[in-house]
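Just the heavy atoms: all of them, side chains too, but no hydrogens, waters or symmetry mates, feed the values below. Chain letters run A, B, ... following the sequence lines, proteins first, then strands; residues in each count from 1.
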Protein chains: 2
Amino acid sequence: MVMMNKVDDNPSRAERAHATRELILTAAERLFAEHGVLAVSNRQVSEAAGQGNNTAVGYHFGTKADLVRAIARKHLAQIEEIRQRMVADIGDPADVRAWITCLVRPVTEHLAEVGSPTWFARFGAQVMTDPTLRPILVEETQSSPSLVRILSGLNACLSDLPDDVRAERYDMARQLLVHMIAERERALADNTPTPRASWHDAATGLVDALVGLWLAPVTNDS
Amino acid sequence: MVMMNKVDDNPSRAERAHATRELILTAAERLFAEHGVLAVSNRQVSEAAGQGNNTAVGYHFGTKADLVRAIARKHLAQIEEIRQRMVADIGDPADVRAWITCLVRPVTEHLAEVGSPTWFARFGAQVMTDPTLRPILVEETQSSPSLVRILSGLNACLSDLPDDVRAERYDMARQLLVHMIAERERALADNTPTPRASWHDAATGLVDALVGLWLAPVTNDS
DNA sequence: CATGTATTAAGTCAAGTGATTGACTTAGAC
DNA sequence: GTCTAAGTCAATCACTTGACTTAATACATG
């Protein structure tokens, strides 16, 4: 007779805690993407994560903002890893397209790695748009050394652009990246046709567009 | 002795109803932009609109989705008006920049007309990102004849682009427009510096970027 | 003038929320 | 084997929410 049905695997206390943390994270990510971050209560997250009680989220993460931050951290860390590699491998530091590729591909590659269905893109787009959640993601993003590296690389390539326009177009690139991957993710979830067959191809399309956007001539006045 | 303090003006029943409808609309727009659509309850909207009754929103509009639709309609109608004029006045129908201008300027011009502070841009960005609210705005937007006119005009100019890429870049233009004006509106509300001094200049920057984006060469593979 | 009706006010209700609490289980330290 | 603390669970708290009910107000119509 077995002592308990737990003997087959030996989940240490820390392991079990980590496991439920992961369960909560993925459940929350899915629910947030599907129904909206604010429309989902901590209770629903706990239940969807298979936790019988409603305290699970509060116990492991605290407030919902903390949960959002944890989800963001998890993905951003993996994206940062890919991005660091790509930045390190960059060939010609005067090539605008190379820097833009470093901006786009780590994200799409991460989504491709996670495998369908993904929820992070829709989650991220929502968080960036919500006035109360946005600062969380902005804060977590700013702490990326590879991103500031890319920024300075782009600045060097585009030194003839006015500072304001550079800042403006960097904003545009961020918005485009965040919301276009969310759009594609939505289409995949809805079985709606997508203009590109894979995340890789979608990234190509984005890079094409961003290169054009960044190199576009600047109208002085009017 | 006056009969009542209502004698000074003579608001007919319909006028009063319309007035409170407007009060509710603007109050809701502001609260939604500031705190998020889902974070604001119909009660809060009613109170902010100066209605002692907490069901005022429900009475005049129905559900919150209906309220969102009403806010969207109000602004989209005015934007549509400007856009119709601009499309009618278009000079060279083979000029990509002209069509893109018709896409961008009506929106910025409307925001400039409304006058600071504006809330519609942040409101719109949120609605477009929320999975449950998004269909409302999409639906309301599709009913714009001038937009489909612009679309076909652009298609004619860019007939050498593959269909998929054209669709993709139209999506990009939409996302960029929606979220960049929201970004600027946020900055204005926060007293954060903006890359452009006026809505007109911001539109110029957007048009510049979109022209570059749309005319960018297409990478065939990889 | 009288009656009906649209609008606003005020109060109530069940359902659902985050947070707190204390009891229970169990892994690891001694 | 006992003890401790991490992790889980169930119950409860005060509070907010949308929906509903009822009453008061004031305009419109005959």
**Request:** Round to a whole Å and report the spacing from CD of B/E47 to C1' of C/dG11.
**Result:** 14 Å

**Request:** Please report, rounded to the nearest Å, how far the C1' atom of C/dG16 is from the CG atom of B/L38.
**Result:** 15 Å

**Message:** Please report the distance, rounded to the nearest Å, between CD in B/Q51 and P in D/dA24.
**Reply:** 20 Å

**Asked** D/dT17, D/dT8, C/dA10: which one has an atom nearest the side-chain heavy atoms of B/S41?
**Response** D/dT17

**Request:** With salt bridge (Lys or Arg N to Asp or Glu O under 4.0 Å) as the test, would you mind laying out the steps for B/R122 and B/E183 before giving the verdict?
**Result:** CA-CA 8 Å; B/R122 282 167 287 174; B/E183 184 91 358; over 6 Å; no

**Request:** Might you confirm whether atom CD of A/E113 has over 12 heavy atoms from other residues, nucleotides or ligands at distances under 6.0 Å?
**Result:** yes

**Asked** What does B/N42 touch in the nucleic acid at a heavy-atom separation under 4.0 angstrom: a base, only the sugar-phosphate, or nothing?
**Response** sugar-phosphate

**Request:** Assess whether atom CD of B/E22 is packed by more than 12 heavy atoms of other residues, nucleotides or ligands within 6.0 Å.
**Result:** yes

**Fill in**
DNA chain C nearest-nucleotide lookup for A/G58 and B/N53: closer to the 5′ end is B/N53

**Request:** Measure the distance from CG on A/L23 to P on D/dG7 and round it to the nearest whole Å.
**Result:** 14 Å

**Request:** Could you check how far CG of A/L67 sits from P of C/dT17, rounded to whole Å?
**Result:** 15 Å

**Asked** Could one point to a donor on the side chain of B/T55 or the base of C/dA9 with an acceptor on the other under 3.5 Å away?
**Response** no

**Message:** Could you measure the distance from the CZ atom of A/R149 to the CZ atom of A/R83? Nearest 0.5 Å is fine.
**Reply:** 13.5 Å

**Asked** Tell me: CD1 of B/I24 to C1' of C/dT7, nearest whole Å?
**Response** 11 Å

**Closest nucleotide among C/dA9, C/dT17, C/dT12 to the B/N54 side chain** = C/dT12

**Request:** To the nearest 0.5 angstrom, please state how far the CZ atom of A/R166 sits from the CH2 atom of A/W214.
**Result:** 10.0 Å

**Request:** Give a yes/no on whether any side-chain N or O of B/H60 is located under 4.0 angstrom from OP1 or OP2 of C/dT8.
**Result:** yes

**Prompt:** Hey, does the side-chain of A/R43 have a donor or acceptor N/O within less than 3.5 Å of a partner on the base of C/dG16?
**Reply:** no

**Prompt:** How long is the line joining CZ of A/F61 and C1' of D/dA6, in whole Å?
**Reply:** 16 Å

**Message:** Using OP1 and OP2 only, check whether a side-chain N or O of B/Q44 sits under 4.0 Å from D/dT17.
**Reply:** yes

**Request:** Take the protein atom CG of A/D66 and the nucleotide atom C1' of C/dA19, then report the distance between them rounded to whole Å.
**Result:** 14 Å

**Item:** C/dT7 phosphate, OP1 or OP2, under 4.0 Å from B/Y59 side-chain N/O
**Value:** yes

